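As the structure is a computational prediction, the values presented were derived from the model and not from experiment.
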Amino acid sequence: QVQLVESGGGSVQAGGSLRLSCATSRYTYLNSCMAWFRQAPGKEREGVAGLYTGGGTTTYADSVKGRFTISQDNAKNTLYLQLNSLKPEDTAMYYCAAQAAVPSWCHARLPFWDIHDYNKWGQGTQVTVAS
């Protein structure tokens, strides 16, 4: 049973923008560490951005700082990722991940971008950036 549903991917030219969404149940959304990861063909899955749904700071991978923005809509139990100034190297399948957590754990673990920290994953949405 898929608990996280991503959408919003597509094909854009370099410099373009997309907004990804990750919808989930209230149960999964509340008090969770949620993050966006991406995986390009032949490469390992890497972390992009994350936050704690109960509030606090956001965390970004260095490769996307200043270009991507993570946000949330508590009324819709949805996580977003705004992708701006896209580059061909941003081409990947983008995944949403979640793990029930307390804030201190989430903020401590996010920068490690460890896929094993998350027990719930979506099926992904493809982002393709043409040069």
- Message: Ignoring hydrogens, what is the shortest heavy-atom contact between Asp90 and Val129? Give both atom names and the distance.
- Response: CB-CG2, 4.3 Å
- Are side-chain heavy atoms of Asn77 and Thr28 found at a separation under 4.5 Å? no
- Query: Is any side-chain heavy atom of Gln123 less than 4.5 Å from a side-chain heavy atom of Val5?
  - Reply: no
- Transitive ILVMFWY side-chain link Tyr52 to Met34, under 4.5 Å: no
- Query: Do NZ/NE/NH1/NH2 and the carboxylate oxygens of Lys65 and Asp62 come within less than 4.0 Å?
  - Reply: yes
- Query: Roughly how far, to the nearest 0.5 Å, is the CD1 atom of Ile115 from the CD atom of Glu46?
  - Reply: 12.0 Å
Show which side-chain atoms of residues 9-24 pair as donor or acceptor with protein atoms under 3.5 Å away, not counting sequence neighbours.
| residue | atom | partner | partner atom | Å |
| --- | --- | --- | --- | --- |
| Ser17 | OG | Asn84 | OD1 | 2.9 |
| Thr24 | OG1 | Gln3 | O | 2.7 |

- Message: Between Gln99 and Asp117, is there a side-chain heavy-atom distance shorter than 4.5 Å?
- Response: no
- Can you name the side-chain hydrogen bond (donor to acceptor under 3.5 Å, both in side chains) partners of Lys43, sequence neighbours left out? none
- With the side chain counted from C-beta on, respond yes when Tyr95 and Thr125 share a heavy-atom pair under 4.5 Å apart, and no when they do not. no
- Message: Looking at Ser32, is its backbone amide N or carbonyl O close enough to the side chain of Thr53 to form a donor-acceptor pair, meaning the two atoms are under 3.5 Å apart?
- Response: yes
- Query: Among side-chain atoms of Tyr29 and Asn74, is any donor-acceptor pair under 3.5 angstrom?
  - Reply: yes
- Item | Nearest atoms (heavy-atom pairs only) where Leu81 meets Leu83 | O-CD1, 3.1 Å
- Message: If you compare all heavy atoms of Ala98 against all heavy atoms of Leu4, which two are closest, and at what distance to 0.1 Å?
- Response: N-CD1, 3.8 Å
- Message: Please tell me whether Tyr80 and Ile70 are part of a single hydrophobic cluster in this structure, the criterion being side-chain heavy atoms less than 4.5 Å apart.
- Response: no
- Geometric class of the Tyr94/Phe68 ring pair [parallel <30°, tilted 30-60°, perpendicular >60°]: tilted
- Note on the structure: Between the CD atom in Gln126 and the CD atom in Gln39, the distance rounded to the nearest 0.5 Å is 10.5 Å
- With the side chain counted from C-beta on, respond yes when Arg38 and Ser63 share a heavy-atom pair under 4.5 Å apart, and no when they do not. yes
- For the residue pair Cys33 and Trp105, what are the closest heavy atoms and their distance? CB-CZ3, 4.1 Å
- Minimal non-hydrogen separation, Phe37 against Trp113, with atom names: CE2-O, 3.6 Å
